[in-house]
Q: 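Below is one structure. I have some questions about it.
These values consider heavy atoms only, across backbone and side chains, with no hydrogens, waters or symmetry-generated copies.
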Amino acid sequence: MATPIPPPPATAPPAAAEPQKTDYLNLPCPIPYEEISREALMSLKPELFEGMRFDFMKGLNQKFSLSHSVMMGPTEIPAQSTEIIKIPTAHYEFGANFMDPKFMLFGRVMTDGKVTARLKCDLTDNLTLKGTAQLTSEPHMSHGMFNFDYKGSDYRTQFQLGNGGLLGANYIQSVTPNLSLGGEIFWAGQHRKSGIGCAARYNTDKMVASGQVASHGIVALSYVQKVSDKVSLASDFMYNYMSRDATASFGYDYILRQARLRGKIDSNGVASAFLEERFNMGLNFILSAELDHKRKDYKFGFGLTVGE
């Protein structure tokens with residue numbers, strides 16, 4: 001008589017992977033408050049120009065370098081009518097740069113008499129001093145500002161001091177590994193105006209979303225999707241509650257082996273493109289174009305950058 005075959009032993013179902021717990025005492029440090037939408041700005045707002053531009057930079061040693069820039073092209077002047085009026089202009093700019101791991105100083109002088117300067121100094125490992133200044137012959141156009149930036153383990157804060165009685169402060173805090181929240185406040189003593197604002201940023205390996213709201217009526221939203229290591233798509237939305245103006249734009253950022261192409265189109269019908277191509281080490285070619293069919297304003301520019 002055949003013996004019955006025992007049933008196979010029951011196998012336990014695989015244990016579900018436990019969700020990774022968030023260590024709220026070890027969150028990453030967020031980016032600075034003023035750079036909360038930097039990915040969208042890089043893709044949607046390149047440095048467009050009209051005419052011809054030539055930039056040359058020469059390094060004298062490891063820390064000091066000189067730069068020369070020549071710009072020629074039309075400049076739009078304000079007009080009461082809808083007609084666009086442009087006059088031909090040409091400028092030369094001389095610059096000097098000093099770069100050290102803990103101290104950086106940049107200065108520029110233009111033929112129209114404008115002088116600009118920027119500095120960055122690491123006072124400690126966590127405290128940084130930044131300064132900007134501009135001197136010009138035009139009345140009420142010269143200005144200066146100092147920023148004190150403090151970087152914590154999971155937060156950043158900044159205090160601003162500028163001419164005209166300008167005082168400001170902002171703070172941004174990581175809430176989760178992907179989400180950071182912040183706020184700002186400012187007081188312009190010369191104009192007797194004050195304001196507050198708040199911002200949020202959510203980022204992963206594939207996307208970045210940010211939003212800002214200010215008491216003077218500005219609402220700004222941006223979103224960047226990383227399609228691949230070389231291609232990114234970006235969009236933003238700007239709304240002014242006081243003037244009821246709203247603008248939206250959509251753009252792309254394509255990085256090739258020796259070139260970078262950026263372009264966008266907005267809700268006003270303005271299309272633009274910006275191409276940077278590296279011909280050789282220290283030699284870059286630039287093409288810029290902006291088409292405003294509504295205003296019949298078309299801007300084209302090309303440039304050459306020599307030196308690193």
Q: Just distance, no hydrogens or angles: give the donor-acceptor pairs under 3.5 Å from side chains in residues 181-189, sequence neighbours left out.
A:
none

Q: Does Tyr241 have more than 12 heavy atoms from other residues, nucleotides or ligands lying within 6.0 Å of its OH?
A: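 No, OH of Tyr241 has 12 or fewer neighbouring heavy atoms, counting only those of other groups under 6.0 Å.
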Q: Can I get a per-line list of side-chain donor-acceptor pairs under 3.5 Å for residues 131-139, giving both atom names and the distance, sequence neighbours left out?
A:
| unit_1 | atom_1 | unit_2 | atom_2 | d |
| --- | --- | --- | --- | --- |
| Gln134 | NE2 | Met141 | O | 3.4 |
| Thr136 | OG1 | Glu138 | N | 3.4 |

Q: Provide the closest heavy-atom pair for Gly195 versus Ser215 in the form atom of the first, atom of the second, distance.
A: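 For Gly195 versus Ser215, the nearest heavy atoms are CA-OG, 3.2 Å.
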Q: Check ring-ring contact (aromatic ring centres under 6.0 Å, His included) between Phe302 and all other residues, then give those that pass, not counting sequence neighbours.
A: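 Partners of Phe302 by the ring-ring contact (aromatic ring centres under 6.0 Å, His included) criterion come out as none, since no residue qualifies.
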Q: I'd like to check the side chain to side chain donor-acceptor pair (under 3.5 Å) partners of Asp297; sequence neighbours left out, ordered by chain and number.
A: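 Per chain and number, Asp297 pairs via side chain to side chain donor-acceptor pair (under 3.5 Å) with Lys86.
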Q: Could you tell me whether Lys264 and Glu290 have a side-chain N and a carboxylate O separated by less than 4.0 Å?
A: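 Result for this pair is no, no salt bridge flagged.
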Q: If we count only N and O atoms by modelled type, under 3.5 Å, do the side chains of Asn126 and Arg156 hold a donor and an acceptor together?
A: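 Note: Asn126 and Arg156 side chains miss the donor-acceptor criterion.
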Q: Between Arg108 and Phe106, is NZ or CZ placed under 6.0 angstrom from the six-membered ring centre and within 45° of the ring axis?
A: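 No, Arg108 does not lie over the aromatic ring of Phe106.
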Q: With Tyr298, which residues qualify under ring-ring contact (aromatic ring centres under 6.0 Å, His included), at least two apart?
A: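 In terms of ring-ring contact (aromatic ring centres under 6.0 Å, His included), with neighbours along the sequence ignored, Tyr298 is linked to His293.
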Q: Cut-off 3.5 Å, side chains only: do Gln225 and Tyr223 have a donor facing an acceptor?
A: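 Side-chain D/A pair, Gln225 to Tyr223: present.
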Q: Does a salt bridge link Asp149 with Lys130, judged by any charged N lying under 4.0 Å from a carboxylate O?
A: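 Salt bridge flag = yes for Lys130 with Asp149.
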Q: Check ring-ring contact (aromatic ring centres under 6.0 Å, His included) between Tyr171 and all other residues, then give those that pass, not counting sequence neighbours.
A: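 So Tyr171 forms a ring-ring contact (aromatic ring centres under 6.0 Å, His included) with Tyr155.
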Q: Parallel, tilted or perpendicular: which describes the rings of Phe274 and Phe49, with under 30° parallel and over 60° perpendicular?
A: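 The arrangement is perpendicular - the two ring planes meet at more than 60°.
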